Number of protein chains: 2
Amino acid sequence: MGRPKNFEPDVVVAQAMQTFWTKGYADTSPADLAEATGVAKGSLYHCFGSKRELFAKALELYGRTASEVTEEFLARPGTAKDGIRAYLVLLMDMDLDGPVQRGCLAQNTVSELGGRDEEATRAVHRMEQRMIELFTARIERGQRDGDVAKDLDAKAQALFLQTTLTGLRVMAKTFDRKTLYGVIDTALAGL
Amino acid sequence: MGRPKNFEPDVVVAQAMQTFWTKGYADTSPADLAEATGVAKGSLYHCFGSKRELFAKALELYGRTASEVTEEFLARPGTAKDGIRAYLVLLMDMDLDGPVQRGCLAQNTVSELGGRDEEATRAVHRMEQRMIELFTARIERGQRDGDVAKDLDAKAQALFLQTTLTGLRVMAKTFDRKTLYGVIDTALAGL
DNA sequence: CGAGTTCTTGAACCCGAGGTCAAAAATCAG
DNA sequence: CTGATTTTTGACCTCGGGTTCAAGAACTCG
């Protein structure tokens, strides 16, 4: 009973995510969100409570999506090195091909709010941990498949890859494609 | 002639830099700057024109300082690998020992404003280029000193190190010291 | 000392950010 | 249809952000 919602909260969160991603948390106003979602400010507050809570949902969606894409991509056939290279190249291409250099929402968030927003910081940390798990699993699979040295410390390598990826996505805001591809090759030399 | 300034613009810029560094650009208000510098808002505007211009000076100071510290540190005796490791460890310690996780002002800036503020983006790019020059020079010195393989591509390695450093400083917001030290070791394995 | 100049400062200004609300609209049970 | 319930919406409110300004203070020159 009661009047039915005339929007899908999930798609509103997705649209909000895009806006936060592009403009950052502080620079996204309720008016921006209303325009981006096509839902009036009042309705957004009625449904989500506050800008901060909507952001939390957007960040969570981002993490879930990123995790799924990564998992799916790394599951493809081939060697670990080639798979991971292709994944890093894909991310660089996505970053560079967008109309505006927006990087990674998780990193942008920790840059903007890190140290001053417990919850956001922890959410980003969880995403990073998840990425590291996925990289670790992919490297271990490579070891079983025989395309990665058995004595390599998979966890350490995964941690290193996550660091490289983080660095790359920041560098993608100021460097060109060729340079970034070069960094990928250098970083993967040890695999 | 005229009434003399009763503050040193340079130290005000330095204090403003600290504030921007800790809170980010958008979250630093003129009131914050007045409090941090001990100079009334009106005087700040009289002297610097706008928040944005003061920020530009702060960012420039940051770049100059970072460049000097890096140059000085990498000039110390020892092998390239040890020198660079010590430098990365130093930065991690500085990031971790602060009362609040603030990372690198340049990266924070490009995360917050990248793609939407030409001047800031370019300023950060210049700093990154400068860091790469310094790393390159240090590696080439290592090659002359005989502690780095002569066939290593110094420029590519420097680019890679800058990426790693960037990643590390973001990771320093969510990971602990031991983990970060581990990443440093992995990253330097190829040197 | 006054005139001219430059700096200082709090008060005041405008606007937009973030959020609240009252009234209207849409649904369902009886 | 009535009432209970839930959602929608723009109008409205408050507050603080970024900036301007008018008045005064501190200096130099003649």
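From a predicted model like this one, the values you see are computed outputs, not experimental measurements. Letters A, B, ... mirror the listed sequences (proteins, then strands); counts begin at 1.
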May I have all residue pairs that pass salt bridge (Lys or Arg N to Asp or Glu O under 4.0 Å) and include part of residues 134-147 of chain A, sequence neighbours excluded?
->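 Output for this query lists R141(A)-D145(A).
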D10(B): side chain to side chain donor-acceptor pair (under 3.5 Å) partners, not counting sequence neighbours | none
Find the distance F48(B):CZ to dT8(C):P and express it as a whole number of Å.
-> 10 Å
Taking distance alone, no hydrogens or angles, what donor-acceptor pairs closer than 3.5 Å link side-chain atoms of residues 70-80 of chain A to residues at least two apart or in another chain?
residue, atom, partner, partner atom, Å
T70(A), OG1, A66(A), O, 2.7
T70(A), OG1, Y87(A), OH, 2.7
E71(A), OE1, R130(A), NH2, 3.3
T79(A), OG1, D82(A), N, 3.1
T79(A), OG1, D82(A), OD2, 3.3

What is the 5' to 3' range of DNA chain D, first to last nucleotide, that sits under 4.0 Å from any heavy atom of chain B?
-> dG17(D) to dT28(D)
Once side-chain contact (heavy atoms from CB on, under 4.5 Å) is applied, do any residues pair with [X], and if so which ones, sequence neighbours excluded?
X	answer
D117(B)	R52(B), L113(B), E119(B), A120(B)
T28(A)	T19(A), F20(A), K23(A), D32(A), L33(A)
D176(B)	K178(B), T179(B)

Check nucleotides 9-17 of chain C against the protein and report each pair of N or O atoms closer than 3.5 Å, with its distance, or say if there are none.
residue, atom, partner, partner atom, Å
dT9(C), OP2, S43(B), OG, 3.4

Has the side chain of W21(A) got a donor or acceptor atom that lies under 3.5 Å from a matching backbone atom of Y62(A)?
->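 Looks like no, no N/O pair under 3.5 Å.
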Could you go through residues 153-162 of chain B and list every donor-acceptor pair under 3.5 Å that involves a side-chain atom there, pairing it with any protein atom two or more places apart or in another chain?
residue, atom, partner, partner atom, Å
D153(B), OD1, K155(B), N, 3.2
D153(B), OD1, A156(B), N, 3.1
Q162(B), NE2, T166(B), OG1, 3.3

Find every protein N or O atom lying less than 3.5 Å from an N or O atom of nucleotides 27-30 of chain C, and list the pairs.
residue, atom, partner, partner atom, Å
dT27(C), O2, G2(A), N, 3.3

Contact list for residues 37-51 of chain B, test side chain to side chain donor-acceptor pair (under 3.5 Å), sequence neighbours left out = S50(B)-E53(B)
What residues form a salt bridge (Lys or Arg N to Asp or Glu O under 4.0 Å) with R102(B), not counting sequence neighbours?
->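 Partners of R102(B) under the salt bridge (Lys or Arg N to Asp or Glu O under 4.0 Å) test: none.
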